[in-house]
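Working notes, beginning with the structure itself.
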Amino acid sequence: TTDGCDPATGACSIKPTVDCDDGDPCTTDACAPATGKCLHPAKDCSDGDSCTTDACDAKTGLCNQTPAAACSNLIDKSGYEQSFLCGAKSLSAWSLQSSAPGAADDKDAPKWAVDATPDKPGFQSPDCSLNFNNGTSYACPKGATKVLGTATSPMLDATGIAAGGDLRLTLRYSGRWETNDDDELHLLLSEDGKTWNKIADISATSTTYWYTYNTSLPAMIGKKFQLRLLFETADCVENDWTGPFIDDLRVWDATCGAD
């Protein structure tokens, strides 16, 4: 900038001396204050979704995300990852279902959603998480006898993993809900989407700490399967906690290579 004082008004005059516009809507143009040189870093269009191809439209400068032609849920060393980013296209493959039996109106009923509410715990990795609540708690709507909901993954393909390998699941979780078998978060597996087998009960008592769940899935090696999170309350008593929060889910081939 060229800085000066207007003698007529005494006001400072600050005028740009360098025009850094490169005419490319897919770059972010700026002048480095220390050197006066123009900078043109490429616009970041990444949506954090491994199943989309991200690009900037050279005519409009808008980001476009198109499904990757070769993308699948085939589990390899990289694995299937879901970070539950707000607006990620891969979320459309997840089925989120909720119910409040007996409620006259379930408009304010808690449900599975991908967002950042309540503020605590919010999310482990920006900028959202999968969580079950109504934005504040998992309190029952009027007339309900309980609340429950399922979050079901797309079909995951572990047919490429050889017998004796290590198929591994990890996820981060947080939140708070009533324990002692009153309100429960179950992790289930299914090969056909009809018969579901429980592999774990998950509990958390903190909205300021993110726990890690880590397990091997030997029974699913060489198969296709789905994951399901089922949250279910026993009643509508003491449901004023935040409910469960899930983030950074990953299923991958952790088989060690030959020495």
Discussion item. For a quick check under 3.5 Å, do Asp29 and Thr27 share a side-chain donor-acceptor pair by atom type?
Written reply: yes
Worksheet item: Is it the case that Ser95 and Gln97 place a side-chain donor and acceptor less than 3.5 Å from each other?
Response: yes
Worksheet item: Any chance the SGs on Cys56 and Cys45 are under 2.5 Å from each other?
Response: no
Item to complete: Please examine the side chains of Asn73 and Val251, heavy atoms only from C-beta on, and report whether any two atoms are closer than 4.5 Å.
Response: no
Item to complete: Please answer whether the main-chain N or O of Thr195 pairs with a side-chain N or O of Asp192 as donor and acceptor at a distance below 3.5 Å.
Response: yes
Discussion item. If you define the side chain from C-beta out and look only at heavy atoms, does anything of Asn197 sit under 4.5 Å from Leu188?
Written reply: no
Item to complete: Hey, could you give me the CH2/OG1 distance between Trp241 and Thr233, rounded to the nearest 0.5 Å?
Response: 15.0 Å
Fill in: Tyr211 ring center near Tyr209 ring center (under 6.0 Å)
yes
Practice prompt. Say whether, by atom type as modelled, one donor and one acceptor occur between the side chain of Thr242 and the main chain of Ser137 under 3.5 angstrom.
Written response: no
Fill in: Any donor-acceptor N/O pair, Asp183 side chain to Thr179 backbone, under 3.5 Å
no
Worksheet item: Between Tyr138 and Phe132, does the ring centre distance come in under 6.0 Å?
Response: no
Worksheet item: Do side-chain atoms of Gln226 reach the backbone of Ser153 as a donor and acceptor pair under 3.5 angstrom?
Response: yes
Worksheet item: Would you say the side chain of Phe245 lies within less than 4.5 Å of the side chain of Thr207, judging by non-hydrogen atoms?
Response: no
Fill in: Ring-ring centroid check Phe84 Trp94, cutoff 6.0 Å
yes
Worksheet, complete the sentence: Test salt bridge (Lys or Arg N to Asp or Glu O under 4.0 Å), reference Lys146, set Glu232, Glu184, Glu178, output is Glu232
Item to complete: Using only the SG atoms, decide whether Cys20 and Cys38 are less than 2.5 Å apart.
Response: yes
Discussion item. I want to check something: taking the side chain as every heavy atom from C-beta on, are Asp248 and Thr170 in contact at a cut-off of under 4.5 Å?
Written reply: no
Worksheet item: So Lys59 and Asp57, salt bridge (Lys or Arg N to Asp or Glu O under 4.0 Å) or not? Walk me through it.
Response: CA-CA 5 Å; Lys59 294 182 179 180; Asp57 188 316; over 6 Å; no
